[in-house]
Structure formats: C-alpha cells, structure tokens
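Below is one structure, written out as structure tokens; comments come after it.
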Protein chains: 2
Amino acid sequence: MKNRVTLKDLAKELKLSPSTISRAIGGHPAISDATKKRVKKKAEELGFTPNSIAASFRNKKTRSIGIIVPRIDIHFHSLVISGIEDFAYKNDYNVTIFQSKDSLKREKEITKILQTRMVDGIIGCLSIETENCDHFKKFNKLGVPLVFYDRVPTDFDANKIVINDFESAYTATKHLIKSGCKKIGHIAGSQKTSIFKARLEGYKAALKKYKIPLDESLIMYTKNLSYDEGVSSAKKYLNLPELPDGIFCANDYSAVSVIQVFRKANIKIPEQVAIVGFSNYPISRIIEPNLTTINDRAFQMGESSTKLLIRKIEDENDIIDSEIITLKTELIIRESSKLNA
Amino acid sequence: MKNRVTLKDLAKELKLSPSTISRAIGGHPAISDATKKRVKKKAEELGFTPNSIAASFRNKKTRSIGIIVPRIDIHFHSLVISGIEDFAYKNDYNVTIFQSKDSLKREKEITKILQTRMVDGIIGCLSIETENCDHFKKFNKLGVPLVFYDRVPTDFDANKIVINDFESAYTATKHLIKSGCKKIGHIAGSQKTSIFKARLEGYKAALKKYKIPLDESLIMYTKNLSYDEGVSSAKKYLNLPELPDGIFCANDYSAVSVIQVFRKANIKIPEQVAIVGFSNYPISRIIEPNLTTINDRAFQMGESSTKLLIRKIEDENDIIDSEIITLKTELIIRESSKLNA
DNA sequence: CTGAAAGCGCTTACAG
DNA sequence: CTGAAAGCGCTTACAG
C-alpha cells in the first residue's frame with residue numbers, strides 16, 4: 001500500500017502520456033475538458049496524490065517558509081507565528097518552525113539546516129545572545145529572502161518588521177504625565193537589546209519634553225524583565241525615600257508584579273502610583289486593576305512579515321534591497337492609570 | 001549567484017565521480033580518509049550545500065513532521081509544540097505547522113496538503129468541531145504514522161498521548177474533600193469533548209466515593225471554559241441560596257475568573273470557598289491567591305508524541321497497531337485551597 | 001490538443 | 001577504494 005500512484009500509473013491506465021496527465025491535473029488550458037474530466041475521475045479512483053517533493057525538486061520551489069524564533073511558548077512569539085501561519089496558509093505556503101532557545105549556537109545550526117534548500121524564504125527573530133549576524137549573510141548569496149521581526153539585526157541591512165519602540169514608550173510616558181504624574185519611574189529591559197534601549201530613550205524623551213527632571217534612581221534595570229525581577233524592582237521602589245507616582249514598565253510581566261507588590265504594601269493603584277505596561281498580554285486584562293499597556297501588534301507583525309517575505313520570494317524583478325516596515329502601536333488605557341476619571 | 005554548487009560540480013573539479021563525492025560527504029566507510037578530506041575541503045571552498053529536497057525525493061523520506069493544532073497562540077498548544085520541536089530537533093527532524101483554527105473544514109484541507117508526501121509523520125490535536133475522523137484514515141493506507149494528543153479520535157484506533165483526565169479530576173476533587181469541603185461545585189467544559197466529560201466524571205466519582213451527595217445545581221456547564229463564562233458561572237453561584245465551599249474548575253481561566261468575582265463580592269478564598277483549576281497556566285502562579293491546579297504536562301506531551309511518532313516512522317518491523325500513552329499529571333497545591341494550614 | 005524527451009540532484013546496487 | 005548507470009516523479013520547451 002505504500003507504493004503510491006504516480007502520474008505514470010495514471011498515464012498507463014488511461015493510455016495517455018504523463019505530460020498530458022500532468023497538464024490535466026494542473027488545469028493547463030491546452031488540455032480538452034473531456035480529457036481533464038477523464039483524468040480527474042481516474043485520479044480520484046486510483047487515489048492519486050501528487051508528490052509535492054518531486055514537484056519542489058523539479059521546480060526549485062518548496063512553497064515553504066522557515067521560521068526561527070527564540071521560543072514558541074512565549075506568548076508574543078506564539079502570536080507572531082500564528083499570524084505567519086495564517087497568512088502563509090492563505091497563500092499556499094507552509095511553515096517550518098525552529099526554536100533557537102535564545103542560543104546563538106543553536107541559531108547558527110538552524111541557519112545551516114535552512115540553507116539546504118528546504119525553504120523559499122525565512123522569517124526570524126534573533127536570539128538574545130546574537131550580536132553578530134554573519135551567519136545570516138549566506139542567504140543573500142543563495143537568493144533566499146529574509147525578514148526579521150522584533151529583535152532585528154543592526155549590523156546589516158535587512159528586511160525588518162518592527163514597531164516604533166521609542167515612540168510607543170514616549171506615548172506611554174506622556175500618558176502618565178498627562179494623567180498628572182510628576183515623578184515617573186521606568187523598569188527597563190536589557191540595554192543590549194535595541195528595543196529595550198529604545199523604550200528607555202522614549203521614556204527619557206517624554207520626560208525631557210515635559211520638563212520633568214530625569215532621576216536615575218527611578219530607573220530599574222533588569223536582565224529579562226521577568227516577573228521576579230519585577231518583584232525585586234518594586235521592592236526597591238518601596239525602599240526609596242519617596243515613591244514615584246507613575247511607573248512605565250517595559251513589559252507586562254514586570255508591570256503585573258509591581259501592581260501585586262504595591263497592593264500588598266497597601267499602595268493604591270492608580271491613585272498613589274499609576275502603572276503602564278507594554279505588550280498587551282492576556283494577563284493585562286485580568287490583573288486587578290486592569291493594566292494600561294501598549295498593543296504591540298504581534299499577530300500583525302507575523303502577517304506583515306509573511307506578506308513582505310512572499311513578495312520578495314515571488315517578485316523576481318524586485319530591485320529593492322531591503323525594507324523596514326514599522327507598525328503602529330496603540331495605547332490601551334485601562335484602570336491602572338485612570339487618574340482623570 | 002542562485003546557481004548552487006552540486007555534487008557534480010565538485011566531482012568535475014576534483015576529477016572524481018559524483019558517487020564518490022556523495023559517499024565522501026556522507027562519511028561512507030569505503031572512502032579513503034584522504035579523499036574525504038579533499039572533498040570536504042573543496043566543498044567548503046566552493047560553498048557546497050547539499051540539496052535536501054533532492055535527497056528527500058530520492059530517499060522518499062523528508063525527515064519532516066507535520067503538526068495540526070487548533071491554534072498556536074493557545075498556551076497549552078504552544079507548550080506542546082515547543083516540546084515537539086525540541087525533541088524533533090534533537091533527532092534531526094523538522095516540524096511543519098498548521099492551524100485548524102478549530103474548523104473541521106480547514107482540518108480536512110490540511111490533511112489533503114499533508115498527503116502529498118511532505119511529511120514522514122503527523123501529530124495532531126482535533127478541532128473542536130471534529131466528530132468524525134475519516135479524513136485521517138487515508139494516512140494509514142499511505143503508511144504515514146499518526147499520533148494524536150489531548151483531543152483525540154474516539155471513532156478509530158490511533159496512537160494517542162493523553163493524560164488521565166478522569167483521575168486528575170478525581171484527585172483534584174478529593175483534595176478539596178480532604179481539605180474539609182462538603183459542598184463542592186464544578187465548572188465544566190463542553191460535554192462533546194471527551195476530556196471535559198472525563199473531568200466531570202472524575203469529579204462525580206470522587207463525590208460518590210466520599211459519600212457527598214451530587215447536587216446538579218452546583219455544576220455549571222460552559223461551552224469554551226472562557227474567562228467570561230467563568231465570570232457568569234461565578235455569578236450564578238452567588239445567586240444560589242447557599243454557596244459551595246469548594247469549586248473544581250475544568251480549566252485555569254474559569255478558576256481565575258471565579259476567584260476575582262468572589263473576591264469582589266468579599267468572599268474569602270480559600271476560607272469560605274476553596275478553588276482548584278486545571279492546566280497550570282502561568283497565570284495560576286500570579287493570581288492572588290495563587291491557584292491550586294493540575295499540571296497537565298503539555299511540554300512532555302509534545303515530547304512523548306514525537307518520540308512515539310519517530311519510533312513509528314523508523315521502525316519498519318513494527319507490528320504494534322496503535323498505542324495509547326497516558327501521562328501522569330500532578331496536583332500543585334497553592335493558596336487557593338490551603339485550608340488545613 | 002497531445003506526446004517524446006530531457007533533466008532537476010541526489011543515492012545506491014552492482015561491478016571492478 | 002572508486003565509478004558508471006539507473007532512477008526517484010514531476011514539469012516544460014519543443015515538436016507535431
């Protein structure tokens with residue numbers, strides 16, 4: 001039963017040539033409707049399924065997209081992947097997925113696997129360890145287009161889908177200022193990562209614009225913006241001579257932990273301290289008070305990456321070397337920062 | 001630049017036959033070390049990368065696994081996928097992913113795509129709409145092994161990785177009883193889905209075992225166990241003449257919503273009502289009080305599915321028709337049910 | 001409207 | 001230890 005029916009089998013059965021069968025199945029206009037009907041009927045009858053590997057081999061196209069993400073089980077990435085799969089599916093591409101586990105070594109291994117023609121294009125988010133992107137350069141020579149999202153290379157021109165982290169952070173901080181906060185803290189992510197650097201800069205820029213003096217003691221630097229780091233940052237705030245009246249956190253996890261620590265310390269949110277997060281994780285709608293945050297467009301990032309990638313794959317006359325697409329984010333105001341109401 | 005170097009090119013360059021090159025690259029024992037060294041050096045020099053599509057075509061093996069999940073962005077599934085990718089990667093398989101979006105129509109389409117030889121085996125979780133699994137039967141004839149996890153077919157014998165939902169629910173309910181609860185409610189999922197049916201049955205069995213009368217008014221039936229359905233179930237409890245003193249919820253979302261609604265109504269958890277969830281979602285460690293729940297082994301489910309699948313793919317003399325593997329779950333006791341302390 | 005032929009890049013049984 | 005040859009299943013330029 002493992003010997004599948006091929007075009008040749010159909011041809012023999014119908015006393016036609018494999019060429020004709022191939023064209024009939026593919027809906028070629030030169031083939032008569034009568035023949036098409038006969039072929040399709042017989043194909044159904046014999047349980048013919050085309051061998052897409054043979055077709056890929058012959059056509060030098062796999063209609064397959066490779067994804068490299070740090071981890072699938074991080075909600076942000078699973079949303080991006082979902083957007084990628086959705087858009088790819090609609091365009092008859094399929095999606096092969098690899099996790100770098102935030103390891104540069106593994107990321108390099110994956111690029112080696114991917115260069116064996118398995119995929120027509122690649123979407124990637126760099127591992128946290130990646131500073132030098134030389135291992136991605138081979139794809140240029142191989143004619144395999146590449147799109148990066150979120151954590152993108154800074155050392156070479158590449159197609160990138162990003163959000164404006166600086167501006168989003170600026171907007172978030174401005175929102176706190178407009179809500180009446182005068183002493184605003186920031187919980188920052190790793191300053192080795194450009195997006196967290198940009199969020200810190202956006203925060204600083206908003207303070208400057210509205211003439212609020214920058215107070216370094218109100219900025220808590222973390223490594224991974226983890227829930228636990230959020231807890232210890234919150235405790236540090238509690239040990240300050242005076243609390244801030246607003247905190248912009250570079251992600252939702254740290255924001256949630258601050259809310260919980262502060263509430264346990266009987267600090268009223270938002271009345272005493274207003275909190276804003278970043279990413280619009282599901283938990284931001286569940287935590288009490290609900291968290292004001294930035295919608296970072298994860299799903300759309302996946303869609304846009306794929307749209308751009310497919311264009312690069314299919315447009316042979318493309319003379320654009322690289323594109324950077326910046327998506328609009330959105331400030332979602334919820335209870336954790338509702339001071340004016 | 002797009003014309004890649006092939007074995008033939010290497011052969012010409014080194015005045016050897018393609019056969020020898022192939023064997024040298026593949027590390028065949030018959031080839032002399034000197035030749036191997038020469039070949040590998042030249043391969044490096046010319047930037048040879050093997051064409052894995054050609055190899056797949058020739059070998060009739062793709063070393064690729066297909067996954068069909070309802071949605072990638074549901075945390076449970078993203079964890080399973082992560083386990084699958086991890087195990088597959090270690091065994092030199094790659095993973096192609098499809099979302100059914102809980103649509104039977106799309107699930108059927110995906111099985112059609114998958115039958116074109118793209119993959120050596122398939123791991124799937126049925127869509128919520130799927131009652132009849134005939135569209136998976138073709139893979140038996142094609143010799144493509146299949147493993148299901150979580151939502152598995154009941155209408156035909158298949159390889160399945162599951163947890164013991166009945167027993168887990170029994171354990172959870174028993175825990176409430178042992179903690180002193182005498183009037184225990186249950187928030188149930190769709191009774192069309194076997195796992196939620198089993199959880200309800202496990203709950204009932206525990207009550208029976210410990211001679212607690214079953215009170216149907218304490219069982220809230222939901223469609224999707226969503227957060228919002230949890231909220232309305234909680235409100236229904238509040239409208240009862242007397243509250244239960246413990247509630248076993250068939251997932252964590254509904255449990256979290258119950259905690260929040262009850263706390264707003266000034267009901268003490270766990271003192272007045274103890275709560276147990278199911279799945280050990282990240283939120284269960286963040287909600288206050290922390291949620292007692294069942295670790296459903298999502299990551300391990302992915303690993304085990306893949307391990308079983310690869311065995312089925314590679315073991316040609318396998319005479320086992322189908323296997324069902326049940327993973328042990330774990331009750332994680334947290335504050336929401338700590339009554340004895 | 002249909003067919004014969006070539007070839008995509010690999011692997012492997014067979015021969016030496 | 002190495003090579004010549006065949007073939008995996010498709011597609012398409014060319015011919016009629």
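Computed over heavy atoms, backbone and side chain alike; hydrogens, waters and symmetry mates excluded. Every chain is numbered from 1 and lettered A, B, ... according to where its sequence line falls, protein lines coming before strand lines.
- Ser32(B) comes within 4.0 angstrom of the backbone, heavy atoms only, and of no base.
- dC10(D) has no stacking from Phe57(A) on its base ring, since the centres under 5.5 angstrom apart and planes within 30 degrees of parallel are not both found.
- Rounded to whole Å, the separation between the C1' atoms of dG16(C) and dT12(C) comes to 16 Å.
- At a threshold of 4.0 angstrom between heavy atoms, the contacts of Leu16(A) are confined to the sugar-phosphate backbone, with no base atom among them.
- When heavy atoms are screened at a 4.0 angstrom cut-off, Thr6(A) is found touching the sugar-phosphate backbone but no base atom.
- Contact annotation: the side chain of Ile67(B) never approaches that of Thr96(B) to less than 4.5 Å [non-hydrogen atoms, C-beta and beyond].
- For the pair Arg38(B) CZ and dC1(D) C1', the computed distance is 13 Å after rounding to whole Å.
- To the nearest angstrom, C1' of dC10(D) lies 15 Å from NE2 of His28(A).
- Taking atom NZ on Lys36(A) and atom P on dC1(C), their separation rounds to 8 Å, with Å as the unit.
- Residue Ala54(B) is the one, among Ala54(B) and Ser19(A), whose nearest nucleotide of DNA chain D lies closer to the 5' end (criterion: closest heavy atom).
- Thr35(A) comes within contact range of the sugar-phosphate backbone alone, with a heavy-atom separation under 4.0 Å but no base atom that close.
- Taking the side chain as every heavy atom from C-beta outward, Thr6(B) and Asn51(B) never approach each other to under 4.5 Å.
- The Ile31(A) side chain lies nearest to dT2(C) when the options are dC10(C), dT12(C), dT2(C).
- In this structure, the CG atom of Asn59(A) is 9 Å from the C1' atom of dC8(C), given to the nearest Å.
- Rounded to an integer number of Å, the gap from NZ of Lys15(A) to P of dG3(C) is 12 Å.
- Of the options Arg71(B), Gln99(B), His77(B), a side chain to side chain donor-acceptor pair (under 3.5 Å) to Ser82(A) is made by Gln99(B) and by none of the others.
- Atom C1' of nucleotide dG9(C) and atom CD1 of Ile53(A) are separated by 14 Å, given to the nearest angstrom.
- Under the side chain to side chain donor-acceptor pair (under 3.5 Å) criterion, no residue pair touches residues 153-163 of chain B, with sequence neighbours excluded.
- Under the 30°/60° scheme for interplanar angles, the aromatic rings of Phe148(A) and Phe156(A) are found to stand perpendicular.
- Inter-residue side-chain proximity for Ile72(A) and Ile81(A) is flagged as met; some heavy-atom pair is nearer than 4.5 Å.
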Taking only Watson-Crick and G-U wobble pairs with both distances under 3.5 Å, what dot-bracket line describes DNA chain D, where [ ] shows pairs that cross earlier ones and | shows pairs with another strand? |||.||||||||.|||
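- Checking the phosphate oxygens (OP1, OP2) of dC10(D), no side-chain nitrogen or oxygen of Ser22(A) falls inside 4.0 Å.
- Contact annotation: Ser17(B) reaches the phosphate of dG3(D) (side-chain N/O to OP1 or OP2, under 4.0 Å).
- For the pair Lys12(A) NZ and dA4(C) C1', the computed distance is 16 Å after rounding to whole Å.
- Under 3.5 Å, the side chains of Ser127(A) and Thr130(A) contain a donor-acceptor pair of N or O atoms.
- Checking the phosphate oxygens (OP1, OP2) of dG9(C), a side-chain nitrogen or oxygen of Lys60(A) falls inside 4.0 Å.
- Arg58(B) contributes no side-chain N or O that forms a donor-acceptor pair with the base of dG9(D) under 3.5 Å.
- When rounded to the nearest whole Å, the span between CG of Leu7(A) and C1' of dT2(C) equals 15 Å.
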